[in-house]
Asker: 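Structure below; questions to follow.
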Amino acid sequence: MPQLIAGNWKMHCLAEQAVALAQGIAAGAHGLAAELLVCPTALHVAAVARALHGSAVAVGGQDCHQSRQGAHTGDIAAPMLRDAGAGWVILGHSERRQNHGETDELVREKTLAAVEAGLIPIVCVGETGDQRAGGQETEVVGWQIAGSLPKPFAGVIAYEPVWAIGTGKTATEEDVATMHAFIREELQRQFGNAGQTVRILYGGSVKAANAASLLAIPNVGGALVGGASLDPTEFLTIARAAQAG
Ligand code: PEP
């Protein structure tokens with residue numbers, strides 16, 4: 001399976017900038033070994049999907065509600081994302097877990113809603129700096145996998161150590177290798193054979209300069225990229241470092 005390079009644009013870009021960014025990425029995306037995905041704010045999913053139509057770049061959302069529809073002011077349902085042109089959705093990002101109090105159980109419900117709507121979920125897990133300092137990283141991530149993923153699970157996992165997100169601090173290659181091997185084992189333990197093929201992305205200050213070494217680590221199935229995904233040249237350089245699998 002090819003590596004997946006996913007850009008999380010977070011709460012960046014006005015509509016015109018989002019379309020220009022998407023076009024810049026699409027212009028350099030042909031013939032790459034990697035699968036490419038960009039996740040703009042929900043408001044721009046439709047415009048970005050139109051701009052990317054016929055290109056090698058897919059579109060995703062950054063969150064969805066756990067219900068298909070209803071009285072949920074300000075929320076966005078998975079079928080709405082799908083209807084707007086999204087094929088993917090990021091769920092349980094640490095910024096959602098921290099800023100919006102999302103629990104593993106809620107992430108699991110959202111994941112079910114996403115799959116039901118025909119979206120491929122990218123479920124994020126990862127320990128905080130304090131948890132790592134306390135030696136709890138595997139325990140925390142094991143619980144997050146057990147609690148956040150429905151069975152069966154048809155999606156992708158992103159291992160994102162919270163202390164490495166947007167900080168410029170990247171986990172060492174050894175840390176990434178250890179955590180990805182642990183997640184693979186946990187997936188096999190919890191999901192049997194199906195756990196062998198789930199892609200496990202690494203996220204946390206991935207940039208052009210460190211992409212090749214991170215993407216070469218066993219069990220790394222791609223990257224979830226925040227800050228560096230806002231620059232087409234940087235994002236495409238990361239994508240070029242990816243492997244066909
Ligand atoms: C992210 O938010 O998913 C992320 C990995 O951000 P950054 O690449 O900026 O650390």
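First listed ligand is number 1; within each ligand, the first listed atom is number 1.
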Asker: With respect to Lys110, which candidate in Gln66, Glu105, Glu102 satisfies the side chain to side chain donor-acceptor pair (under 3.5 Å) definition?
Answerer: Glu102

Asker: Kindly indicate whether the side chain of Leu187, heavy atoms from C-beta on, has any atom under 4.5 Å from the side chain of Ile200.
Answerer: yes

Asker: Would you say the side chain of Leu21 lies within less than 4.5 Å of the side chain of Cys13, judging by non-hydrogen atoms?
Answerer: yes

Asker: Heavy atoms, side chains only, cut-off 4.5 Å: are Tyr202 and Ile217 in contact?
Answerer: no

Asker: Polar-atom distance check: Gly166 versus ligand 1, any N or O pair below 3.5 Å?
Answerer: yes

Asker: How far is atom 2 (O) of ligand 1 from its nearest protein heavy atom, and which residue and atom name does that atom have?
Answerer: Lys10 NZ, 2.6 Å

Asker: How close does the nearest protein non-hydrogen atom get to atom 3 (O) of ligand 1, and which residue and atom is it?
Answerer: Glu160 OE2, 2.7 Å

Asker: Check whether any side-chain heavy atom of Glu186 sits under 4.5 Å from a side-chain heavy atom of Val141, and report yes or no.
Answerer: no

Asker: Side chains of Leu52 and Val38: does their closest heavy-atom pair fall under 4.5 Å?
Answerer: yes

Asker: What are the atoms of ligand 1, with element, lying closer than 4.0 Å to any heavy atom of Ser205?
Answerer: 7 (P), 8 (O), 10 (O)

Asker: Using a strict 4.0 Å cut-off to heavy atoms of Ala164, name the atoms of ligand 1 that fall inside it.
Answerer: 10 (O)

Asker: Identify, by atom number and element, the atoms of ligand 1 in contact range of Leu224, meaning under 4.0 Å from any of its heavy atoms.
Answerer: 3 (O), 5 (C)

Asker: Would you mind running through ligand 1 and noting each atom that sits below 4.0 Å from a heavy atom of Gly227?
Answerer: 7 (P), 8 (O), 9 (O)

Asker: Does any N or O in the side chain of Arg108 come within less than 3.5 Å of the main-chain N or O of Lys151, such that one atom is a donor and the other an acceptor?
Answerer: no

Asker: Checking a contact table here: which protein heavy atom is nearest atom 1 (C) of ligand 1, and how many Å away?
Answerer: His93 NE2, 3.2 Å

Asker: At what distance is the nearest protein heavy atom to atom 8 (O) of ligand 1, and which residue and atom is it?
Answerer: Gly226 N, 2.8 Å

Asker: Looking only at heavy atoms of Lys207, does any of them come nearer than 4.0 Å to an atom of ligand 1?
Answerer: no

Asker: Which ligand 1 atoms, with their elements, are less than 4.0 angstrom from a heavy-atom of Gly204?
Answerer: 5 (C), 10 (O)

Asker: Just to be sure I read this right, does ligand 1 sit under 4.0 Å from the backbone of Ile165, its side chain, both, or neither, counting only heavy atoms?
Answerer: both

Asker: Assess the residue pair Glu160 and Arg97 against the criterion (salt bridge (charged side-chain N to carboxylate O under 4.0 Å, His left out)); give the C-alpha distance rounded to whole Å, side-chain angles, the decisive distance to 0.1 Å, and a yes or no.
Answerer: CA-CA 12 Å; Glu160 299 208 304; Arg97 290 177 185 264; over 6 Å; no

